[in-house]
Amino acid sequence: MCTVAVSFEPSSPASILVLAVRDELLMRPWEPPAEHWPRHPGLLGGIDLVAGGTWLAVDPAARRAAFVLNGRGRLAPEHGRRSRGELPLLAAAGQPIPADLRTFDPFYLITADLTGAMMLGWDGDTRTETALPEGYTVIVNSGDDPAEPRAAHLLAALRATPRPDPAADWGTWPSLAAGEGIDRTDPRALILRHTFGDDLRYGSSSVTLLALGPTLLRYDFAPVPDEPGPAPLTRIA
């Protein structure tokens with residue numbers, strides 16, 4: 001699964017804060033965030049080299065970001081199936097999402113800007129749209145599911161620490177993003193590793209910390225190291 005935590009505080013200089021962890025097959029190739037898409041000038045994000053899309057895209061000029069998580073439900077027909085990695089590019093660029101989602105596998109698409117965050121859900125049959133409330137929301141592959149162990153642990157950890165001021169630093173969030181020393185096979189773990197069958201490994205591949213405010217944009221990124229420990233963050237914007 002992937003995990004995205006969104007903090008929405010409209011009165012804060014950074015009204016939107018995001019802590020996001022991407023999980024994927026670890027052998028699937030990708031490149032770090034940059035302006036990878038000529039058809040979407042100005043957008044920043046890591047590129048999936050298999051399908052050409054992304055899981056998280058940021059438009060610094062518009063102070064807008066979008067990120068997609070795999071959902072659960074009925075898969076799209078194999079013939080004509082489209083990559084969900086297209087969706088954050090469209091949403092971050094302010095372009096419409098297709099009205100007909102039947103060519104996409106289930107997903108949750110979150111779009112955030114200075115006014116708040118919206119979550120578009122698709123389970124293969126039904127499309128839903130939900131405004132995220134003020135405070136913290138943690139989204140996993142089952143959606144806004146505070147009972148899911150990973151989401152429950154992260155939500156409690158976020159609420160137990162001061163909200164960071166990213167104009168200065170990220171406070172405790174880098175420690176949370178590094179996994180807090182929880183074993184990577186633990187159901188509560190934010191940073192995970194799993195082995196299936198003949199050692200085909202799946203796990204967390206990158207961490208993003210993002211802040212959006214009227215006079216502030218901060219986008220930090222780190223690949224997840226193979227061994228447990230801090231993930232050195234690089235400022236992208």
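Each residue takes its place number in the sequence, starting with 1.
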Within a radius of less than 6.0 Å around CZ of R102, do more than 12 heavy atoms belonging to other residues, nucleotides or ligands occur?
-> no
Answer whether the closest heavy-atom distance between the side chains of L44 and P60 falls below 4.5 Å.
-> yes
T128 and Y108, any side-chain heavy atoms less than 4.5 Å apart = no
Give a yes or no answer on whether the side chain of E9 reaches the backbone of S15 with a donor-acceptor pair at less than 3.5 Å.
-> no
Hey, could you give me the CG/CG distance between L176 and L19, rounded to the nearest 0.5 Å?
-> 6.5 Å
Is V6 linked to W170 within one hydrophobic cluster, defined over Ile, Leu, Val, Met, Phe, Trp and Tyr using a side-chain heavy-atom separation of less than 4.5 Å?
-> no
Electrostatic pair R218:D220 at N-O distance under 4.0 angstrom = yes
Within the side chain of R184, is there an N or O that forms a donor-acceptor pair under 3.5 Å with the backbone of R193?
-> no
If you measure only the distance, is there a donor-acceptor pair under 3.5 Å linking the side chains of S7 and R163?
-> yes
Candidate pair E31 and L49, rule side chain to side chain contact (heavy atoms under 4.5 Å, CB included), full reasoning | CA-CA 7 Å; E31 291 183 0; L49 295 176; 3.8 Å; yes
If every non-hydrogen atom of A231 is compared with every non-hydrogen atom of P223, which pair is closest and at what distance?
-> CB-O, 3.9 Å
Is there a side-chain contact between V207 and F221, using heavy atoms and a 4.5 Å cut-off?
-> no
Do any N or O atoms from the side chain of W122 and from the backbone of F104 form a donor-acceptor pair under 3.5 angstrom?
-> yes
Spell out, yes or no, whether L210 and Y136 are grouped together once hydrophobic residues are joined by side-chain heavy atoms under 4.5 Å, including indirect joins.
-> no
Is it the case that one hydrophobic cluster holds both L217 and L114, taking links as side-chain heavy atoms less than 4.5 Å apart, direct or via other members?
-> yes
Are the side chain of R188 and the backbone N or O of I182 linked by a donor-acceptor pair below 3.5 Å?
-> no
Does P88 reach the side chain of L90, with side-chain heavy atoms less than 4.5 Å apart?
-> no
Cluster overlap L190 with W173, hydrophobic side-chain contacts below 4.5 Å = yes
Minimum heavy-atom distance between W30 and S206, given as atom pair plus value = CH2-CB, 4.3 Å
For residues V224 and I191, report the shortest heavy-atom separation together with the two atoms involved.
-> CG1-CG2, 3.7 Å
So which of V4, L109, T3 actually passes side chain to side chain contact (heavy atoms under 4.5 Å, CB included) with L69?
-> V4
Main-chain N/O of A189 paired with R150 side-chain donor or acceptor, under 3.5 Å | yes
Is there side-chain contact between I47 and T54, with at least one heavy-atom pair below 4.5 Å?
-> no
Note, I97 side chain near L120 side chain (heavy atom, < 4.5 Å) = yes
Going through the distances and angles, do F8 and I16 end up as a side chain to side chain contact (heavy atoms under 4.5 Å, CB included)?
-> CA-CA 5 Å; F8 177 43; I16 293 286; 3.7 Å; yes
Here the pair of heavy atoms bringing L158 nearest to A5 is CD1-CB, 3.7 Å
Hey, does R22 have a side-chain heavy atom less than 4.5 Å from the side chain of S205?
-> yes
Evaluation steps, side chain to side chain contact (heavy atoms under 4.5 Å, CB included), between L132 and I110 | CA-CA 9 Å; L132 300 190; I110 299 92; 4.2 Å; yes
Nearest 0.5 Å please: distance from the CD1 atom of I139 over to the CG atom of D144.
-> 6.5 Å
Test item: R127 side-chain N/O and A99 main-chain N/O as donor-acceptor pair under 3.5 Å = yes
Any donor-acceptor pair under 3.5 Å linking the side chain of T195 with the backbone of R201?
-> no
Would you mind checking if E86 and R84 are paired as a salt bridge, meaning a charged N to carboxylate O distance below 4.0 Å?
-> no
Heavy-atom distance under 4.5 Å between the side chains of S142 and V140, does that happen here?
-> yes
Nearest 0.5 Å please: distance from the OG1 atom of T115 over to the CZ atom of R63.
-> 14.0 Å
So, the side chain of N141 versus the backbone of N70: is there a donor-acceptor pair under 3.5 Å, distance only?
-> yes
If you look at every heavy atom in T111 and A91, which pair is closest and at what distance?
-> OG1-CB, 3.4 Å
Spacing of L56 atom CG and L89 atom CG [to the nearest 0.5 Å] | 10.5 Å
Sub-3.5 Å donor-acceptor pair from the side chain of H40 to the main-chain atoms of H36, do we have one?
-> no
Determine whether I236 and V21 fall in the same hydrophobic cluster, where Ile, Leu, Val, Met, Phe, Trp and Tyr are linked whenever their side-chain heavy atoms lie under 4.5 Å apart.
-> no
Would you call D123 and R74 a salt bridge, taking side-chain N to carboxylate O under 4.0 Å as the test?
-> no
Shortest non-hydrogen contact between P29 and D48, atoms and distance = O-OD1, 3.5 Å
